[in-house]
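Single-structure report; data block below.
When a residue number appears, it is its place in the shown sequence, counting from 1.
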Amino acid sequence: MMLPPPVRALRSASYGVLALGTALALSACSGPDPDELRAGPVPETSPELDKSELPPKPKEDAPITERVEWSLIETTSVYARWYGDGIEADCPGIKGTGGFGSQDVTCTVAVDGVSAEWDVSVGSIMSEFEPLDGRHVVRDAVEDVARFETGSEHVRCEMDKVQLASPDDEEPITCVWATEDDHGRLALMLDDMQFSDKSFWLTSAE
């Protein structure tokens, strides 16, 4: 039976709206192509720094400059969850042996050429450290954390190979991930910025 023209036109329009809605739904559900992301194995445990990779800790009677520089390398590596030969610390202004009293100096920590300054208060019992430019984060380590959190081998974090991250940044570092049937976006969050064994973490940016 042939439908009257107005009804046929209405039905055609309905089919058109349905097709458009389906296309939009598929578009909204589509994510990045996993092959366009960086691939790597999913870690079995949350990536953390293996402290055995660090250079030997200076002895108690080592020069105070050597001990402070080592501590800066340690806290930078723990925070970044990564250590490599490209990590260096330089504290040229420290005087004496770290006896009674304290002195304030500015130290520089570099990771593969990316430098950041630290305020260091050298005391007789302990030293206090405060980062001035943010904390070093390393893309390979951030992407491995993303793989562990999502279970996806395919990840891409929008950042340099080594980058300084700070709570004052206008936009956080983000990472996209994808599997064959799911995808999402994560944002890098910063933990305690002071000298500590804490590190960054990732949270959903959806």
Side-chain angles (χ1 to χ4, degrees), residues 11-54 74-87 109-116 131 133-194 196-206:
R11 178 166 295 182
S12 297
S14 299
Y15 289 158
V17 171
L18 178 61
L20 176 60
T22 303
L24 289 175
L26 290 174
S27 175
C29 292
S30 64
D33 183 350
D35 292 336
E36 295 179 355
L37 308 183
R38 281 181 282 272
V42 177
E44 294 183 0
T45 59
S46 179
E48 303 290 346
L49 175 73
D50 180 358
K51 289 191 176 183
S52 67
E53 298 176 356
L54 293 171
E74 179 191 35
T75 192
T76 296
S77 302
V78 168
Y79 199 92
R81 310 190 192 208
W82 181 91
Y83 173 77
D85 293 336
I87 298 183
V109 178
V111 178
D112 287 348
V114 178
S115 298
D133 304 317
R135 301 301 300 265
H136 288 92
V137 287
V138 178
R139 189 176 67 195
D140 285 349
V142 177
E143 291 185 343
D144 274 347
V145 173
R147 291 186 180 97
F148 173 77
E149 294 291 342
T150 63
S152 172
E153 295 181 349
H154 298 87
V155 173
R156 184 183 69 243
C157 294
E158 304 299 338
M159 59 179 292
D160 297 333
K161 289 185 177 181
V162 178
Q163 188 167 320
L164 294 175
S166 168
D168 296 330
D169 293 340
E170 292 185 2
E171 297 290 340
I173 293 172
T174 58
C175 305
V176 295
W177 60 273
T179 61
E180 292 183 355
D181 54 6
D182 201 2
H183 67 278
R185 182 178 295 271
L186 302 173
L188 183 142
M189 306 298 291
L190 300 176
D191 210 319
D192 183 4
M193 292 289 289
Q194 303 299 320
S196 71
D197 280 344
K198 295 183 179 180
S199 183
F200 67 86
W201 78 94
L202 297 175
T203 187
S204 174
E206 300 296 335

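- Listed here is the closest heavy atom pair of Val138 and Met159: C-CE, 4.0 Å.
- Looking at residues two or more places apart in sequence or on another chain, you find a side-chain contact (heavy atoms from CB on, under 4.5 Å) between Val114 and His136, Val162, Leu164.
- One distance of note links CG of Asp140 with CZ of Arg38; it measures 8.0 Å at 0.5 Å rounding.
- The CH2 atom of Trp82 sits 4.5 Å away from atom CG of Asp112, with the distance rounded to the nearest 0.5 Å.
- In terms of heavy atoms, Asp144 sits closest to Pro43 at O-CG, 3.6 Å.
- Put simply, the side chain of Glu158 does not reach to within 4.5 Å of the side chain of Leu188, judged on heavy atoms.
- Contact of the Tyr83 side chain with the Asp50 side chain is not registered, since no non-hydrogen atoms from C-beta on lie closer than 4.5 Å.
- Here Arg156 contributes atom CZ and Thr174 contributes atom OG1; the two are 9.0 Å apart, rounded to the nearest 0.5 Å.
- Taking NE2 from His183 and OG1 from Thr150, the interatomic distance works out to 12.5 Å, rounded to the nearest 0.5 Å.
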| query | Can you check side-chain contact (heavy atoms from CB on, under 4.5 Å) on Glu36 and His154, steps first, answer last? | reply | CA-CA 8 Å; Glu36 295 179 355; His154 298 87; over 6 Å; no
| field | Leu202/Val142 under side-chain contact (heavy atoms from CB on, under 4.5 Å): CA gap, chis, key distance, verdict | value | CA-CA 8 Å; Leu202 297 175; Val142 177; 4.2 Å; yes
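- A donor-acceptor pair under 3.5 Å links the side-chain atoms of Arg147 to the main chain of Glu153, judged by distance alone.
- Residues Tyr79 and Leu190 form a side-chain contact, since some pair of their non-hydrogen atoms from C-beta on lies under 4.5 Å apart.
- To the nearest 0.5 angstrom, Arg139 atom CZ is 10.5 Å from Cys175 atom SG.
- Around CD of Glu171, the count of heavy atoms belonging to other residues, nucleotides or ligands within 6.0 Å does not exceed 12.
- Ser152 contributes a side-chain N or O that, together with a main-chain N or O of Ala178, makes up a donor-acceptor pair within less than 3.5 Å.
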| Does the side-chain contact (heavy atoms from CB on, under 4.5 Å) test come out yes or no for Gln163 and Ile173, once each step is laid out? | CA-CA 10 Å; Gln163 188 167 320; Ile173 293 172; 3.6 Å; yes
| message | Walk me through whether Val111 and Ile87 qualify under side-chain contact (heavy atoms from CB on, under 4.5 Å). | response | CA-CA 4 Å; Val111 178; Ile87 298 183; 4.0 Å; yes
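- Counted within 6.0 Å of CG on Asp33, heavy atoms from surrounding residues, nucleotides or ligands total more than 12; the atom is thus considered enclosed.
- Between the Arg81 side chain and the Pro47 main chain, a donor and an acceptor come within less than 3.5 Å of each other.
- Within a 6.0 Å radius of CD in Glu53, more than 12 heavy atoms belonging to other residues, nucleotides or ligands are found.
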